[in-house]
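Read the structure below first, then the notes.
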Amino acid sequence: MDSQVKSCRAGFYDLPVLTLLFGNDVHPGGVPLTRKLAGSALVGRDDRVLDVACGRGESARVLAEQFGCRIVGIDYSEESIRRANELTEDVGLTNLVQFIQGDAERLPFANESFDVVTCECSLSIFPDPLLAITEMKRVLRPGGRLGVSDVVLNQPLPETLKDLLGHVLCISGALSIDGYRDVFSKTGFSAIRTRDVSEVLGDMISRMERRIGVIEDFLDREQFELANSLSASFSSISAARDFVMSGGAGYALITGKKPIAN
Ligand SMILES: C[S@@+](CC[C@H](N)C(=O)[O-])C[C@H]1O[C@@H](n2cnc3c(N)ncnc32)[C@H](O)[C@@H]1O
């Protein structure tokens, strides 16, 4: 797909308003879910870990601190990588954590360079998830593990969520749970396991609603236009809540293992 489209999709998460809404980790479940994903993918101290679409690198820092493992994060957005490096320097973790700008669909690493690959809330926004998973498998060593967390679509998406908000919440490109299983098995992963953690989606929407309220309350009259555009951009948030609450979308951890002999 055209690199301009990819830049646009990635650059979107650098918008200041999204930083205000999400903070540094742009996925439902925050740090606790990152730890769960790492547990499911059996991350250990001696592992070389790759976090694909790492954003500002919060998860990479959390895992390096928890396990003492070496982690590389890759993201399409140069701005996210710049911030990720800055934040990592601030906390003195540059000996373990490194960030590189690059495309999930063309990973700039040699075959079999990592023990674990993670990808949080991002597979659903790549133009070609099958290609991205094929790349993740290529860079994993035999016996290496892949851990993905993402939105699961259980029902057809309502028109109201086919807009900006659907994209921000990673709903519009999400797959069904069988769709994720399919992508994992088509690319040759074994021991595929899924774990339903849908409760984190409702929590994230509530957090966004609260933050929108706080931001609007703090804006003065001169900033009225910004307040208006904020409300307009996210006017369909209640549609997202209804869709999630009615079981239309959920959230899952999906893990798989690269077979030793292929
Ligand atoms: C929803 S955010 C998730 C960020 C991070 N994984 C987290 O959980 O905080 C999606 C991320 O995917 C990145 N992204 C989008 N398209 C990409 C691509 N083709 N290759 C690498 N990163 C991409 C965006 O820049 C953004 O940082």
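Each ligand, and each atom within it, is numbered from 1 in the order the structure gives. All values reported here derive from a predicted model rather than from experimental measurement.
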Check: Can you list the ligand 1 atoms lying under 4.0 Å from a non-hydrogen atom of Gly102?
Finding: 20 (N), 21 (C)
Margin query: Under 4.0 Å from a heavy atom of Cys121: which atoms of ligand 1 are those, numbered in the order shown and with their elements?
Written below: 1 (C)
Margin query: Between Asp51 and Ser59, do the side chains contain a donor N or O and an acceptor N or O under 3.5 Å apart?
Written below: no
Next item on the list: Might you point out which heavy atoms bring Lys258 and Arg141 nearest each other, and give the distance in Å?
Entry: CD-O, 3.7 Å
Margin query: Under the rule for salt bridge (charged side-chain N to carboxylate O under 4.0 Å, His left out), what residues qualify as partners of Arg195, not counting sequence neighbours?
Written below: none
Margin query: Below 3.5 Å, N or O to N or O, backbone or side chain included: is there any such pair between Ala104 and ligand 1?
Written below: yes
Checklist line | Sub-3.5 Å N/O-N/O distance, Glu120 and ligand 1 | finding: yes
Note to self: Within ligand 1, which atoms have a heavy atom of Ser122 less than 4.0 Å away?
What the structure shows: 3 (C), 6 (N), 10 (C), 11 (C), 12 (O)
Check: Are there more than 12 heavy atoms of other residues, nucleotides or ligands under 6.0 Å from atom CD of Gln155?
Finding: yes
Next item on the list: Using distance alone, determine whether His27 and ligand 1 share an N or O pair under 3.5 Å.
Entry: yes
Checklist line | Side chain, backbone, both or neither: the part of Ala53 lying under 4.0 Å from ligand 1 by heavy atom | finding: both
Item checked: From OG1 (Thr187) to CD1 (Ile192), nearest 0.5 Å -> 7.5 Å
Next item on the list: State whether a side-chain donor-acceptor pair under 3.5 Å links Ser176 with Asp178.
Entry: no
Scan the side chains in residues 242-253 for donor-acceptor partners under 3.5 Å anywhere in the protein, sequence neighbours excluded, and list what turns up.
| from | atom 1 | to | atom 2 | distance (Å) |
| --- | --- | --- | --- | --- |
| Ser246 | OG | Asp242 | O | 3.1 |
| Ser246 | OG | Phe243 | O | 3.0 |
| Tyr251 | OH | Ser149 | OG | 3.2 |

Next item on the list: Measure from the side-chain N and O atoms of Thr88 to the backbone N and O of Leu93, and report whether any donor-acceptor pair falls under 3.5 Å.
Entry: no
Note to self: Less than 4.0 Å is my threshold; does some heavy atom of Pro127 fall inside it relative to ligand 1?
What the structure shows: no
Next item on the list: List every atom of ligand 1 that sits less than 4.0 Å from any heavy atom of Ile125, numbering the atoms from 1 in the order shown and giving each element.
Entry: 10 (C), 12 (O), 15 (C)
Checklist line | Polar proximity ligand 1 side, Asp75 side, N/O cut 3.5 Å exclusive | finding: yes
Next item on the list: Could you say whether the N/O atoms of Tyr76 and ligand 1 ever approach to under 3.5 Å?
Entry: yes
